[in-house]
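Structure first, then comments.
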Amino acid sequence: MRALRPQAATQSEEQLLKAGLLRVLAGGITGSVSRAVEQSLGIDTVQISPSIGTEADPLTPTARLILGKRLSNRAFLTFARALGSAQRDQSIILEYDQSDRLGWVFTQNGDRTFAIDFRVRRTF
């Protein structure tokens with residue numbers, strides 16, 4: 001087992017500290033914004049998920065906006081998009097429960113690819 005270098009440990013601790021601080025600061029803001037948007041637009045779920053950086057740029061703070069709307073008792077639509085990004089990083093997800101045991105998930109990603117997932121629930 002290799003020992004961590006002090007510099008590597010310090011960088012890792014610094015990233016954890018930044019991520020925790022960002023969550024604490026954004027927590028109060030996102031809660032009130034979420035409630036206001038949910039009430040005014042009739043959306044069931046609003047989330048702003050903060051994070052620090054990507055693989056390409058690890059020091060830049062970013063966030064992701066997630067909106068969800070229940071279309072019926074069996075269908076739920078989710079839209080997610082990266083904020084402050086020049087790229088079109090978004091996805092649209094439709095979850096449909098055909099029955100108590102059978103469901104479908106239709107997904108469109110930002111690169112215009114589609115996926116269909118089939119879900120079977122089994123209880124033991």
Side-chain angles (χ1 to χ4, degrees):
M1 179 191 242
R2 283 183 5 185
L4 288 175
R5 297 176 305 177
Q7 182 181 10
T10 304
Q11 288 175 350
S12 177
E13 291 170 357
E14 184 178 326
Q15 288 176 345
L16 287 173
L17 181 62
K18 285 180 183 178
L21 183 61
L22 185 60
R23 284 190 190 104
V24 168
L25 291 174
I29 297 169
T30 59
S32 59
V33 169
S34 294
R35 283 188 298 277
V37 171
E38 287 171 5
Q39 290 174 353
S40 62
L41 298 179
I43 295 174
D44 297 320
T45 303
V46 177
Q47 293 178 345
I48 300 173
S49 302
S51 63
I52 294 184
T54 61
E55 288 182 20
D57 191 7
L59 297 178
T60 303
T62 61
R64 187 160 190 81
L65 174 67
I66 302 168
L67 304 173
K69 176 72 177 161
R70 179 152 301 280
L71 302 175
S72 71
N73 63 344
R74 296 194 178 268
F76 192 82
L77 183 66
T78 304
F79 173 79
R81 175 155 196 198
L83 299 174
S85 171
Q87 299 175 358
R88 186 179 165 175
D89 182 19
Q90 69 181 25
S91 60
I92 301 171
I93 303 166
L94 175 63
E95 298 178 60
Y96 181 75
D97 293 327
Q98 188 168 340
S99 67
D100 291 341
R101 293 189 60 223
L102 183 64
W104 303 85
V105 180
F106 303 97
T107 306
Q108 177 194 3
N109 294 319
D111 58 357
R112 300 195 185 220
T113 58
F114 296 87
I116 298 175
D117 294 319
F118 176 70
R119 291 183 184 168
V120 177
R121 293 178 194 92
R122 181 166 175 113
T123 57
F124 296 96

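Atoms considered below: every heavy atom in the structure, side chains included; atoms not considered: hydrogens, waters and symmetry mates. Counting from 1, the numbers follow the sequence of the chain as shown.
Of all heavy-atom pairs between Asp100 and Arg121, the closest is O-NH1, 3.4 Å. Heavy-atom minimum distance, Gly68 versus Ile43: O-CG2, 3.0 Å. Arg64 and Ala82 get closest at one heavy-atom pair: NH1-N, 3.4 Å.
Remark: Phe114 engages Gln108 in a side-chain contact (heavy atoms from CB on, under 4.5 Å) (not counting sequence neighbours). Residues satisfying the side-chain contact (heavy atoms from CB on, under 4.5 Å) test with Tyr96, not counting sequence neighbours, are Arg74, Ala75, Gln98, Trp104.
With Ile93 as the fixed residue, the side-chain contact (heavy atoms from CB on, under 4.5 Å) test singles out one of Asp117, Thr107, Leu77: Thr107.
Taken together through direct or relayed side-chain contacts under 4.5 Å among Ile, Leu, Val, Met, Phe, Trp and Tyr, Ile66 and Phe76 form parts of separate hydrophobic clusters. Both Ile92 and Leu67 belong to a single network of hydrophobic side chains, linked directly or stepwise wherever heavy atoms of I, L, V, M, F, W or Y lie under 4.5 Å apart.
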Run Thr45 and Thr78 through side chain to side chain contact (heavy atoms under 4.5 Å, CB included) and show every step you take.
CA-CA 9 Å; Thr45 303; Thr78 304; over 6 Å; no

